[in-house]
Protein chains: 2
Amino acid sequence: MQIFAGANKGMTHYDDAVAILREKGNRLTPQRLLVLSTIAESRHHIGIDEIYKASKSVYPYLDLATVYRTVHLFRDVGVLTEIGIGDRHTYELRTRDGQHHHMLCRQCNKTFSLSPHYLEAFKASLVKDFNFEPDLDNFAVAGVCTDCKSQRT
Amino acid sequence: MQIFAGANKGMTHYDDAVAILREKGNRLTPQRLLVLSTIAESRHHIGIDEIYKASKSVYPYLDLATVYRTVHLFRDVGVLTEIGIGDRHTYELRTRDGQHHHMLCRQCNKTFSLSPHYLEAFKASLVKDFNFEPDLDNFAVAGVCTDCKSQRT
DNA sequence: TTAGCTTTTGCAAATCTTTGCAGGTGCTAA
DNA sequence: TTAGCACCTGCAAAGATTTGCAAAAGCTAA
């Protein structure tokens, strides 16, 4: 099945993700590439329903269950980051090397990248004081961003 | 409707929670007190299904929807902390004053308390560098605890 | 103590998410 | 290039969570 041609020039994150999936022995089905492409093309974090709707418009036979399974696969394999906002889960591609974390504004819903360096001291203190090895790969904090703070009257 | 008598002597967290609910104008229905009591009596964090099962054994008419609504109310009002572990959500009472955070072991599923002080530097750096005000009230980290680390061969 | 207003509950239905299964399809090795 | 196997997909059904609504019950004020 050929769903779409390779109109993905310059999509570095997309290419990285494909490489990771292949490395780990996962099959590159058109459905997976489609979902991946949908997420890659989305500017911000994107929810299951949006992924489904956008992808289905390209390939109408796509099943919602496949989207769920695909997204969970991508998450477990490390290709994307899952951000839990309240009760809503959204997703965003992750780059190959650099894990980065997220700050999410509760008011305007924008996300901001956060360098891992901000969490290093925290992580080190847990290891040192409790011998607890935290997994901060998919770390996200919610809060209020600077724009929304200044808009408060 | 009277479900159970006041066998709650010394349950400080429970009493605090009741006070907070009353303060905020929520009705203290037997169902709510029952759910609260169930969570308070649970030694560790507890899931919706467990809350439901345990509470229903005391008051069989209790509906699952009520448990969901009650737990969400408690969370929004700040009476309990919701911990998202993977796909599972669990709950734990919160004391009136002292918020504390959680470390959760992915392997043995035990939780450990974490003093807020460990996150203060992190929080301060976000405020300073990005003017981003993180909400760390319900903070939980997953990882591997010291026991499980030592059990690895 | 009671009346009455408003919130809350239980039920049932809607929605969201996961899972089992049989057929279809990517990938590997020849 | 093809054959064959293991993995994936779509479908349908199960399971989990949320929501609308009418009846029931908590709380306040008299």
Side-chain angles (χ1 to χ4, degrees), chain A residues 1-4 6 17-38 46-53 55-77 79-80 82-91, chain B residues 1-4 6 17-38 46-53 55-77 79-80 82-91:
Chain A
M1 191 203 330
Q2 171 82 10
I3 291 179
F4 54 3
V18 169
I20 293 173
L21 285 169
R22 177 168 281 144
E23 270 170 27
K24 302 210 175 177
N26 297 284
R27 293 195 180 161
L28 300 176
T29 67
Q31 288 89 338
R32 290 181 177 172
L33 296 176
L34 173 57
V35 166
L36 184 56
S37 159
T38 300
I46 180 174
I48 291 277
D49 49 337
E50 297 167 286
I51 297 171
Y52 178 56
K53 206 164 64 176
S55 302
K56 201 178 175 70
S57 76
V58 175
Y59 173 59
Y61 293 114
L62 184 70
D63 194 87
L64 181 55
T66 300
V67 176
Y68 277 105
R69 282 186 286 225
T70 301
V71 162
H72 290 166
L73 169 71
F74 288 178
R75 175 196 59 192
D76 296 342
V77 149
V79 152
L80 53 75
E82 181 181 66
I83 309 177
I85 311 162
D87 293 332
R88 182 177 161 79
H89 281 186
T90 58
Y91 301 88
Chain B
M1 190 203 331
Q2 171 82 11
I3 291 181
F4 55 179
V18 170
I20 293 173
L21 286 169
R22 176 167 282 142
E23 270 171 26
K24 304 210 173 178
N26 297 285
R27 293 190 180 166
L28 299 176
T29 67
Q31 289 88 337
R32 288 180 178 174
L33 296 176
L34 173 57
V35 166
L36 184 56
S37 159
T38 301
I46 182 174
I48 292 277
D49 49 337
E50 297 168 284
I51 297 171
Y52 178 56
K53 206 164 64 177
S55 303
K56 200 178 176 72
S57 76
V58 176
Y59 174 59
Y61 293 114
L62 184 69
D63 194 87
L64 182 54
T66 300
V67 175
Y68 276 105
R69 281 186 286 223
T70 301
V71 161
H72 290 167
L73 169 72
F74 288 179
R75 175 196 57 192
D76 295 342
V77 149
V79 152
L80 53 74
E82 180 180 66
I83 309 176
I85 311 164
D87 293 332
R88 182 178 160 79
H89 280 186
T90 60
Y91 301 88

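Just so we're on the same page: letters track the sequence lines, and every chain starts at 1. Atom set for the values below is all heavy atoms of this structure, side chains included, hydrogens, waters and symmetry mates excluded.
Relative to the side chain of B:R32, the nucleotides C:dT8, D:dG10, D:dC8 differ in distance, and C:dT8 lies closest. Checking C:dG26, D:dG10, C:dG10 against the side-chain heavy atoms of A:T29 singles out C:dG26 as nearest.
The separation between A:L62 atom CG and D:dT9 atom P is 9 Å, rounded to whole Å. The CG atom of A:N26 sits 19 Å away from the P atom of C:dT25 (whole-angstrom rounding). Summarising the geometry, the separation between CZ on B:F74 and C1' on C:dT8 is reported as 12 Å, rounded to the nearest angstrom. Atoms OH (B:Y59) and P (D:dA24) sit 12 Å apart, rounded to a whole Å. Across the protein-nucleic acid pair, B:L28 atom CG and D:dA24 atom C1' stand 17 Å apart, rounded to whole Å. As a whole-Å value, the separation of A:L34 CG from D:dT9 C1' is 13 Å. In this entry the distance linking CD of A:E50 with C1' of C:dC16 reads 15 Å, nearest Å. Here C:dT17 presents its C1' atom at 14 Å from CD1 of A:I51, a figure rounded to the nearest Å.
Contact annotation: A:Q31 side-chain N/O to C:dG26 OP1/OP2 distance is not under 4.0 Å.
For B:R32 (side chain) and B:R27 (main-chain N/O), a donor-acceptor pair under 3.5 Å exists by modelled atom type. Proximity of a side-chain donor or acceptor of A:T70 to a complementary backbone N or O of A:T66 within less than 3.5 Å is detected.
Atom CD1 of A:I48 and atom OH of A:Y91 lie 4.5 Å apart (nearest 0.5 Å).
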Exercise. Please step through side chain to side chain contact (heavy atoms under 4.5 Å, CB included) for the pair B:E50 and B:K53, ending with a clear verdict.
Key: CA-CA 5 Å; B:E50 297 168 284; B:K53 206 164 64 177; 5.8 Å; no
What does the list of N/O pairs under 3.5 Å between the protein and nucleotides 18-24 of chain C look like, with a distance for each?
unit_1, atom_1, unit_2, atom_2, d
C:dG20, O6, A:R69, NH1, 3.3

Got a list of protein N/O to nucleotides 1-4 of chain D N/O distances below 3.5 Å?
none

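If one axis is set at each end of the helix from C:dT1-D:dA30 to C:dA30-D:dT1 from five pairs, those axes are 50° apart, to 10°.
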